[in-house]
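Notes follow the structure.
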Number of protein chains: 2
Amino acid sequence: MQGKPNKGKIMITTGLEDYLELIYNSIEKKENIKAIDIANKFNISRSSVSEALIRLADLGLIIYNGRKGIDITTEGKVEAEKIIKKHRILYTFFNEILSINQTISNKNACKIEHVIDDEVIAKIEIFSNYCKANSIEKKFKETQND
Amino acid sequence: MQGKPNKGKIMITTGLEDYLELIYNSIEKKENIKAIDIANKFNISRSSVSEALIRLADLGLIIYNGRKGIDITTEGKVEAEKIIKKHRILYTFFNEILSINQTISNKNACKIEHVIDDEVIAKIEIFSNYCKANSIEKKFKETQND
DNA sequence: AATAATAGTAAGGTATACCTAACAAAATGT
DNA sequence: ACATTTTGTTAGGTATACCTTACTATTATT
């Protein structure tokens, strides 16, 4: 039922997706991400990260050379960007349309981004834009205060 | 990272939640659900269901006596109802507000219901009602056809 | 340069969620 | 009633995602 990576596609698990996301973001910020940073961020052991990085490298998503550093491949970037885009769309919907605080919006986006289908995400994005274009989120927020 | 049941609460895993949901719905419909029905529904083996039912019974959510039948406890009902409510709210939002077809709406509700927080679900419910009360979903749908 | 601290790996362990194969008990068909 | 099929259980196996402990290699401190 679980853990079974989906069909043919690359399809990595929730955990690996999270680690890849962090690697991508760090590299974008020109930060030199190391295995231990991932361990600290997600509160998992160094050895678990070690294994996970080897897996991501096996999947062709990163280039990993131990202490020499972690780099992301083109394919890895594409995957990471997909996840980050989902995250951003969900976060925006929760925070800006539903007026849910940043922490909860982020936490829920983090979990849902791994399971939601592209079609649904696409619709949420369009709908969020529609709401903003028509100030629906403002009108909705007003009904919430009374 | 994964599979780790959350904090103190009852907290069962995605798979167990799905099975409990089916058990609850079958009992509501006065159907006599058996282990094999669960196996067929979720495409898993009889032995996996056997284990899962023992686990649900250990958690106090069902009463399981092999061939003698599956029954749900009060606590199990409460848990199942929570999940089913989340499912319903998500399904309605996807299908009626975003105009996503029933199959995709259902599939995504099935996955998200296990990870979304109560606060977010509550807001989605209120927002869906607000949309319907103001025919926002109809106006949105019109912009989609052009 | 020598020592101490940090970072990564390896080995071995746990728990979960599946699986198949073999078996036993119960339900069903004739 | 007897044979067949169905259903559930057991035993043993796989893969994942964690863990701890011990070890090694590198980096920093003095």
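Please read all numbers here as calculations on a predicted model, not as lab measurements.
Comparing C/dT9, D/dT10, C/dT16 against the side chain of A/Y64 picks out C/dT9 as the nearest. Closest to the side chain of B/R55, from the set C/dA17, C/dG8, D/dA17, is C/dA17.
We find that CG of A/L56 is positioned 10 Å from P of D/dA17, with the value rounded to whole Å. Atom NZ in A/K34 sits about 11 Å away from atom P in C/dT6, given to the nearest Å. Following rounding to the nearest Å, A/I44 (CD1) and D/dT16 (P) show an atom-to-atom distance of 16 Å. Between B/K68 atom NZ and D/dT9 atom P there is a gap of 11 Å when expressed in whole angstrom units. Going from atom CZ of A/R46 over to atom C1' of D/dA17 covers 18 Å, rounded to whole Å. A/L53 places its CG atom 10 Å from the C1' atom of C/dG8, with the value rounded to the nearest Å. Taking atom CD1 of residue A/I54 and atom C1' of nucleotide C/dT9, one finds them 8 Å apart after rounding to whole Å. Rounded to an integer number of Å, the gap from CD1 of B/I70 to P of D/dG8 is 7 Å.
Nearest-nucleotide mapping onto DNA chain D: of A/S48 and B/D37, the residue sitting toward the 5' end is B/D37. Comparing B/I36 and A/E51, the nucleotide of DNA chain D nearest to each residue sits closer to the 5' end for B/I36.
Contact check, B/S45 against C/dT20: no side-chain N or O comes under 4.0 Å of OP1 or OP2. For C/dT16, neither phosphate oxygen OP1 nor OP2 lies less than 4.0 angstrom from any side-chain nitrogen or oxygen of B/T13.
Side-chain atoms of B/R67 and base atoms of C/dA26 include no donor and acceptor less than 3.5 Å apart. Donor-acceptor pairing under 3.5 Å, judged by distance alone, is present between the side chain of B/S47 and the base of C/dT20.
By the 4.5 Å heavy-atom criterion applied to side chains, B/E21 and B/C110 are not counted as neighbours.
In this structure B/K132 satisfies the salt bridge (Lys or Arg N to Asp or Glu O under 4.0 Å) test together with B/E96, sequence neighbours excluded.
The six-membered or imidazole ring of A/F93 lies near that of B/F93, with a centre-to-centre distance under 6.0 Å.
Looking at B/E142 and B/K139, no side-chain N of the basic residue comes within less than 4.0 Å of a carboxylate O on the acidic one, giving no salt bridge. The pair B/K111-A/D117 counts as a salt bridge, with a side-chain nitrogen and a carboxylate oxygen less than 4.0 angstrom apart.
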